[in-house]
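Step one of this worksheet: look at the structure below.
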Amino acid sequence: MSAEIKIKDDDILLEDTYDGDSWLYSEKVKEHFFHPKNLMLDENGYEADGFGTTGSPACGDMMYVWIRVDKKTNKITEFKWRTFGCASAIASTSMLSVMVTENGGMDLKIASQIKPEQIVERLGGLPDRKFHCSVLGHFSSK
């Protein structure tokens with residue numbers, strides 16, 4: 001597998017040049033891995049209402065999250081992130097960012113109750129040995 005990296009308007013686009021017959025991931029996982037949503041490219045000067053980090057450099061998966069919250073509605077209006085890890089970890093974080101910001105944003109209390117299974121379901125599944133990657137989002141919401 002190879003990928004070409006392009007940066008356009010603060011969005012990173014990874015062009016999938018994989019030419020094999022099989023891919024262990026769903027099309028939705030591939031979409032969020034090759035075209036991550038809400039990625040934080042430069043936190044310098046970014047004014048977040050909240051910041052969180054989870055993971056372990058020892059295992060290789062680390063997630064950093066910055067959120068903005070509408071103080072009147074308590075809804076997450078922006079979720080920026082940077083995750084270091086495999087395709088499953090990156091796609092899971094990207095999907096989480098979509099889940100908590102779609103439809104005008106998710107209430108903080110509801111967002112804190114998102115389960116890994118919900119992230120995996122929205123991704124169309126993950127290989128069993130990669131399920132632990134979706135747990136990063138669960139721990140970051142606590």
Side-chain angles (χ1 to χ4, degrees), residues 1-20 22-71 73-142:
M1 185 191 127
S2 63
E4 180 181 337
I5 300 172
K6 297 178 182 178
I7 299 178
K8 179 182 178 193
D9 300 327
D10 288 339
D11 287 331
I12 290 182
L13 304 174
L14 295 174
E15 296 300 324
D16 181 3
T17 57
Y18 177 73
D19 57 2
S22 67
W23 180 269
L24 294 175
Y25 299 106
S26 70
E27 289 301 314
K28 189 61 76 172
V29 171
K30 286 173 59 177
E31 174 190 334
H32 281 271
F33 174 66
F34 286 111
H35 306 284
K37 316 301 185 237
N38 305 308
L39 189 62
M40 174 63 83
L41 295 177
D42 183 9
E43 72 268 17
N44 292 328
Y46 186 81
E47 294 185 27
D49 296 314
F51 171 80
T53 184
T54 189
S56 168
C59 85
D61 292 332
M62 287 293 301
M63 173 196 281
Y64 301 91
V65 171
W66 297 260
I67 62 170
R68 287 186 178 161
V69 177
D70 181 317
K71 304 215 184 349
T73 64
N74 234 16
K75 291 186 177 184
I76 299 170
T77 58
E78 201 166 274
F79 182 110
K80 296 287 188 179
W81 60 274
R82 190 175 299 151
T83 292
F84 301 94
C86 65
S88 296
I90 291 167
S92 293
T93 312
S94 178
M95 177 54 79
L96 177 62
S97 76
V98 169
M99 291 170 67
V100 300
T101 58
E102 64 190 356
N103 302 318
M106 186 178 282
D107 181 271
L108 280 170
K109 188 172 188 173
I110 294 170
S112 73
Q113 297 171 10
I114 290 175
K115 303 283 185 248
E117 293 83 4
Q118 293 171 281
I119 298 168
V120 171
E121 182 179 328
R122 286 287 298 268
L123 286 170
L126 286 175
D128 289 342
R129 70 178 188 271
K130 292 297 187 172
F131 181 83
H132 70 279
C133 301
S134 67
V135 175
L136 284 175
H138 176 67
F139 291 123
S140 71
S141 65
K142 297 295 180 198

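Just so we're clear, the structure is a prediction, and the values are computed from it rather than from any experiment.
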Original post:
Short question: side chain of S92, backbone of S88 - any donor-acceptor pair under 3.5 Å?
Top reply: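 Yes, because the side chain of S92 sits within donor-acceptor range (under 3.5 Å) of the backbone of S88.
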Original post:
Would a distance-only check, ignoring hydrogens and angles, find a side-chain to backbone donor-acceptor pair under 3.5 Å from T53 to M63?
Top reply: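 Here the side-chain-to-backbone pair exists.
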[X] and [Y]: which non-hydrogen atoms are nearest, and at how many Å?
| X | Y | result |
| --- | --- | --- |
| I76 | A111 | CD1-CB, 3.7 Å |
| G85 | D61 | CA-OD1, 3.2 Å |
| D49 | V69 | OD2-N, 2.6 Å |
| G125 | S26 | O-OG, 4.1 Å |
| V100 | I114 | CG1-CD1, 3.6 Å |

Subject >> Pairing of K37 and E31 as salt bridge, 4.0 angstrom limit >> reply: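 Salt bridge between K37 and E31, a charged N being under 4.0 Å from a carboxylate O: yes.
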I'd like to check [X] versus [Y] (side-chain heavy atoms, cut-off strictly below 4.5 Å). Are they in contact?
| X | Y | value |
| --- | --- | --- |
| M40 | Y64 | no |
| N38 | V98 | yes |
| I119 | M99 | yes |
| W81 | L39 | yes |
| K28 | M95 | yes |
| W66 | R82 | yes |
| I67 | L108 | yes |
| F79 | M106 | no |

Subject >> T93 side, atom OG1; M62 side, atom CE - distance, nearest 0.5 Å >> reply: 11.5 Å
Original post:
Atom CD in E78, atom OG1 in T101: separation rounded to 0.5 Å?
Top reply: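 Atom-to-atom, E78:CD and T101:OG1 are 8.5 Å apart.
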Original post:
Is the count of non-hydrogen atoms from other residues, nucleotides or ligands lying under 6.0 Å from E102 atom CD greater than 12?
Top reply: yes
Original post:
More than 12 heavy atoms of other residues, nucleotides or ligands under 6.0 Å from CD of E121: is that the case?
Top reply: no
